[in-house]
Protein chains: 2
Amino acid sequence: MVNSRFSVAIHILSLIATTSDKSLLTSDFIAGSVNTNPVVVRRMIGVLKKAGLLSSHSGMAGYELLVEPKDLTLLAIYQAIDGPEQLFAIHDEPNPACAVGQKIKHTLEGVYTSVWLAMEEQLQAQTLQDVLDQLRT
Amino acid sequence: MVNSRFSVAIHILSLIATTSDKSLLTSDFIAGSVNTNPVVVRRMIGVLKKAGLLSSHSGMAGYELLVEPKDLTLLAIYQAIDGPEQLFAIHDEPNPACAVGQKIKHTLEGVYTSVWLAMEEQLQAQTLQDVLDQLRT
DNA sequence: ACCTGTTGTAACTATTATAGTTACAGGTGC
DNA sequence: GCACCTGTAACTATAATAGTTACAACAGGT
């Protein structure tokens with residue numbers, strides 16, 4: 001995929017998890033750490049909030065996690081940001097009159113599903129807490 | 001990633017592998033099966049040729065595989081088309097003055113590497129021959 | 001030698017996604 | 001009231017993807 005939304009989401013959640021003084025947690029402060037625009041942060045936080053991962057109050061600084069870091073898998077974060085559910089696209093409408101064209105879509109779907117499941121397994125095996133532990137070392 | 005280059009490459013290689021009358025194998029014919037433009041096919045074939053997966057002769061119809069389908073892993077195909085070597089990008093220059101910003105890049109790289117390796121393992125486990133077998137059923 | 005059909009490429013276009021930005025309405029609490 | 005914040009809409013810049021046009025060079029048949 002190669003966009004940075006997942007990285008930004010993990011960065012934001014890590015900041016919220018490790019900042020004890022919640023009044024510091026403004027979109028501006030977070031944007032400073034991520035090195036992006038506050039609006040980008042607020043947009044991402046809106047998505048994470050909709051997914052039930054954190055809470056916020058309009059007009060008031062401070063975000064709070066609604067899930068314990070040890071219970072928050074990276075897969076859950078990935079799904080929260082609504083990342084693509086496939087790694088590879090399949091070209092549109094291969095020619096059904098051709099023996100290969102007719103079957104290739106179904107075949108590729110099978111291949112890609114197995115790859116996808118392996119990836120999900122990895123993301124499921126790691127939690128935000130694992131990330132926090134590595135940030136400390 | 002979510003582009004269809006990998007799918008198109010596998011489709012092209014499958015066609016070449018299953019078409020016995022090589023004189024049929026023109027970029028136009030292949031484009032008809034893939035449902036795209038002949039130039040897109042020739043471009044992709046140029047890449048696969050550079051990687052040593054097939055041969056072609058300018059001005060002459062007919063492509064030939066240079067690797068046995070059973071020896072051609074999907075990973076080799078993926079590497080041949082020079083697909084991205086990462087699934088997730090990391091945002092540029094997180095703030096080094098911040099405890100999280102300072103370490104997040106290295107941490108995420110570790111996470112993403114484990115995911116990437118799991119994906120490679122899946123692609124390594126399947127060959128073009130496996131694809132051909134599924135196309136026949 | 002010529003003609004037809006092919007490959008190999010360069011160059012351009014259209015479409016889409018990503019990220020960044022500006023702007024502003026509305027909430028919060030001092 | 002004021003300073004500061006969130007939530008969002010709207011716009012822009014940039015880049016990637018795929019499709020397209022165009023053409024030089026090559027092969028093989030007649």
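These numbers come from a predicted model, not from an experiment. Just the heavy atoms: all of them, side chains too, but no hydrogens, waters or symmetry mates, feed the values below. Lettering follows sequence order; numbering is per chain, from 1.
Phosphate contact (OP1/OP2 of D:dG7, side-chain N/O of A:S56, threshold under 4.0 Å): present. Residue A:S4 places at least one side-chain N or O under 4.0 Å from the OP1 or OP2 atom of C:dA19. The side chain of A:T36 places an N or O atom within less than 4.0 Å of a non-bridging phosphate oxygen (OP1 or OP2) of C:dG20. Proximity of B:S58 to the phosphate of D:dA25: no side-chain N or O atom is located under 4.0 Å from OP1 or OP2.
No engagement by B:K50 is indicated, since no non-hydrogen atom pair under 4.0 Å with the nucleic acid exists. Residue contacts for B:R43: at a heavy-atom cut-off of 4.0 Å it reaches a base atom on one of the strands shown. Among the protein residues, A:Y63 comes within range of the sugar-phosphate backbone only, with heavy atoms under 4.0 Å from sugar or phosphate atoms but none that close to a base. Counting any heavy atom pair closer than 4.0 Å across all strands shown, A:H91 reaches no nucleic acid atom.
Contact between B:F6 and A:Y112 at its shortest, heavy atoms only, is CD2-OH, 3.6 Å. The two atoms that bring B:V131 and B:L74 nearest to each other are CG2-CD2, 4.1 Å, heavy atoms only.
Residue A:K49 places its side chain closer to D:dG7 than to any other of C:dT7, C:dT22, D:dG7. When distances run from any side-chain atom of A:R42 to the nucleotides D:dT17, C:dA10, D:dT6, the shortest one goes to D:dT6. Of the candidate nucleotides C:dA23, D:dT21, C:dT6, C:dT6 has the atom lying nearest to any side-chain atom of B:A61. Nearest to the side chain of B:N37, among D:dG19, C:dA23, D:dA18, sits D:dG19.
A straight line from CD of A:E64 to P of D:dC5 spans 17 Å, rounded to a whole angstrom. Distance CE (A:M60) to C1' (D:dG7): 15 Å, rounded to an integer number of Å. We find that CG of B:L54 is positioned 12 Å from P of C:dT7, with the value rounded to whole Å. Taking atom CD1 of A:I30 as the reference point, atom P of D:dT6 lies 8 Å away to the nearest angstrom. Here the P atom of nucleotide D:dT17 and the CE atom of B:M44 are 11 Å apart, to the nearest Å. To the nearest angstrom, P of C:dG5 lies 15 Å from CG of B:L24. Taking atom CD1 on A:I45 and atom C1' on C:dA19, their separation rounds to 16 Å, with Å as the unit. Here C:dT18 presents its P atom at 17 Å from CD1 of B:I90, a figure rounded to the nearest Å.
Counting heavy atoms of neighbouring residues, nucleotides and ligands inside a 6.0 Å radius, atom CD of B:E109 exceeds 12 of them.
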Please walk me through it: do A:Q126 and B:S114 pass side-chain hydrogen bond (donor to acceptor under 3.5 Å, both in side chains)?
CA-CA 10 Å; A:Q126 304 189 58; B:S114 72; 3.1 Å; yes

Between A:C98 and B:L15, is a side-chain contact (heavy atoms from CB on, under 4.5 Å) present by the stated rule, with each step listed?
CA-CA 9 Å; A:C98 162; B:L15 268 179; 3.9 Å; yes

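A 4.5 Å side-chain heavy-atom check between B:L128 and B:L65 finds at least one atom pair inside the cut-off.
Mapping A:V40 and A:G59 onto DNA chain C by nearest heavy atom places A:V40 closer to the 5' end of the strand.
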